[in-house]
Amino acid sequence: MKVLSVNCGSSSLKFQMYEMPEEKVLISGVFERIGIDGSFYTIKLNGEKTKKEVALPNHDVAVNYLTEELLSNHVIESLDEIKGIGHRIVAGGDKFDKTVVIDDKVLADIDYLSLLAPLHNPAAVVGIKAFRKAVPNAVATAVFDTAFHQTMPKENYLYPVPEEWYTKYSVRRYGAHGTSHKYVSARMNEILGRTDTKLITCHIGNGGSISAVLNGKCLNTSMGFTPNAGIIMGSRCGDMDATIVTYMMEQTGMSPKEMDNALNKQSGLLAVSGISSDSRDIEDGIKAGNAKCALAQKMFVNRIVDFIAKYYVELGGCDAIVFTAGIGENSISTRAEIIEKLAVLGVKLDASANDVRGVERCITAKDSKIPCWIIPTDEELMIARDTYELAK
Ligand code: AMP
């Protein structure tokens, strides 16, 4: 069965088509600068990448190019072969705790939840509508980034603020990267050969979150009401004293929009290093003797270790720690620095095993009390799996 995994941004559309249940990737690609000058798309087929510069005034046009490519490359002979289309949705609020088939009510709910993800949910709605027009017979599903975290107990998702903030304004912890935490925790359980496990999953990319996963279910996660909570990120501050916000707004006259921009786009590694939000630049800076980069990296690693330690206690131990996403999969030095700080828990790095990028493997010594693993995440595959289950 052919299943399409889709991730729509306001000016982009990423896709990957699978043959299911074999989980074979048939074709993938990305449409960029939709609605902006200079739009183009790239397609990867049989290991070959091609780029085409075309006008993409809206998502409908991008979807039409996509279906033309599928047909002209004989990935499919008819659009009816596409049985399922899974859409990645950033915010599911507390309305969705699992992947669902999209009907008019679900679509309206996703649209309503734009309140919680003003940049992402509206783009997904546009994408869902575009695919509905182009491939009306496929089962469309919504796969929520927040769904995996809906198992958190109330004491972990509530904030200690006036109750009305929650009951009237929906202010609570929702978490993010749930599809990734779900994928890597399920894979880790597969490796361990059991499901009654205590796992700490570290999704560390440009955005990042750490989760405590008990028996396959999320117990706690570091991201909060929005994705600007928990660890330090590329350009987001993560957790901090909330009163700094009102203090700085009073001191400088910053508007809410300007404050939001400062906390999400001008903070994190970028602010501390003064040069970049990209951990590769920070690593290069450290090698060149840049003290600000060294400080940024120290703060970054410390905050991650804080969460691992907290979740170790909360879980009452830990069977494995997982590293995933851009930095977790690829930054040898960041993983090493985190693991070295966990020595007090009996965690021991195997430096030569850790000397890899983007491959699944255990990176701790045989006598390490907690094994640490790199597990490359695959959110697209997770979307395809969920969609296949609902479409078959
Ligand atoms: P993601 O958001 O998961 O795509 O991760 C993006 C981040 O991964 C980038 O900001 C980079 O800092 C980081 N990254 C990717 N490749 C490497 C690498 N080889 N070494 C260190 N960091 C990397």
Side-chain angles (χ1 to χ4, degrees), residues 5 7 9 12-16 28-30 32 42 44 88 90 117 119-120 145 148 175-185 187 201-211 221-223 226-238 264-288 290 292-301 303-304 322-339 349 351 353-361 363 372-383:
S5 193
N7 184 353
S12 68
L13 189 167
K14 285 188 205 150
F15 74 95
Q16 197 139 314
S28 64
V30 54
E32 294 186 58
T42 42
K44 201 169 157 197
R88 178 191 180 209
V90 165
L119 296 180
H120 296 100
D145 260 10
F148 183 62
H177 305 132
T179 310
S180 175
H181 288 288
K182 183 178 172 187
Y183 176 83
V184 298
S185 56
R187 177 66 194 134
T201 50
C202 308
H203 177 111
I204 317 172
N206 188 33
S209 58
I210 319 281
S211 290
T221 196
S222 64
M223 273 190 172
T226 74
N228 194 359
I231 67 172
I232 296 170
M233 289 164 260
S235 62
R236 294 182 216 145
C237 57
N264 281 290
K265 305 227 167 97
Q266 296 163 23
S267 297
L269 291 177
L270 173 65
V272 185
S273 73
I275 58 160
S276 175
S277 60
D278 191 300
S279 92
R280 284 164 291 200
D281 296 335
I282 306 295
E283 286 182 20
D284 290 346
I286 294 169
K287 280 183 206 138
N290 183 322
K292 284 186 173 177
C293 287
L295 176 64
Q297 178 70 3
K298 241 186 209 166
M299 289 167 67
F300 182 67
V301 166
R303 188 76 69 85
I304 293 167
V322 181
F323 292 97
T324 196
I327 299 171
E329 292 169 28
N330 297 301
S331 176
I332 296 162
S333 56
T334 301
R335 284 194 306 259
E337 286 163 33
I338 294 168
I339 290 174
L349 181 73
N354 183 46
D355 197 18
V356 287
R357 298 183 204 277
V359 293
E360 181 180 289
R361 72 155 56 157
I363 53 172
C372 298
W373 281 72
I374 304 170
I375 300 184
T377 196
D378 198 337
E379 290 158 289
E380 292 76 18
L381 176 57
M382 199 73 238
I383 292 171

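Read the numbers this way: they start at 1 and go in the same order the structure lists the ligands and their atoms. As the structure is a prediction and not an experimental result, all values here were calculated from the model.
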Backbone or side-chain N or O of Asn206 under 3.5 Å from ligand 1 N or O: yes

I need the single residue from Thr324, Ile375, Asp378 that forms a side chain to side chain contact (heavy atoms under 4.5 Å, CB included) with Ser180. Which is it? Thr324

Identify, by atom number and element, the atoms of ligand 1 in contact range of Gly205, meaning under 4.0 Å from any of its heavy atoms. 1 (P), 2 (O), 3 (O), 5 (O)

Of all the non-hydrogen atoms in the protein, which one sits nearest to atom 18 (C) of ligand 1, and at what distance? Asn330 CB, 3.5 Å

Checking the N or O distance criterion of under 3.5 Å, is ligand 1 in contact with Ser279? yes

In terms of residue, atom name and distance, what is the protein heavy atom nearest to atom 23 (C) of ligand 1? Arg280 CG, 3.7 Å

Please lay out, stage by stage, how Ile232 and Val272 fare under the test side chain to side chain contact (heavy atoms under 4.5 Å, CB included). CA-CA 10 Å; Ile232 296 170; Val272 185; 5.9 Å; no

Can you find a protein heavy atom closer to atom 3 (O) of ligand 1 than 4.0 Å? yes

Rounded to the nearest 0.5 Å, how far apart are CD1 of Ile374 and CG of Asn330? 8.5 Å

Which residue and atom name correspond to the protein heavy atom nearest atom 13 (C) of ligand 1, and how close is it? Ile327 CG1, 3.5 Å

What about Glu283: any of its N or O atoms under 3.5 Å from an N or O on ligand 1? no

Return the CG to CD distance between Asp145 and Glu379, rounded to the nearest 0.5 Å. 6.5 Å

Backbone or side chain, does any N or O of Gly326 fall under 3.5 Å from an N or O of ligand 1? yes

Report, in ascending order of atom number, the atoms of ligand 1 lying under 4.0 Å from any heavy atom of Asp278. 9 (C), 10 (O), 11 (C), 12 (O)

Rounded to the nearest 0.5 Å, how far does OG of Ser277 lie from NZ of Lys265? 12.0 Å

Side chains of His181 and Ser209: donor-acceptor distance under 3.5 Å anywhere? yes

Could you measure the distance from the CG atom of Asn264 to the OG atom of Ser235? Nearest 0.5 Å is fine. 7.0 Å

What residue and atom, counting heavy atoms only, is the protein's closest point to atom 19 (N) of ligand 1, and at what distance? Arg357 NH1, 3.4 Å

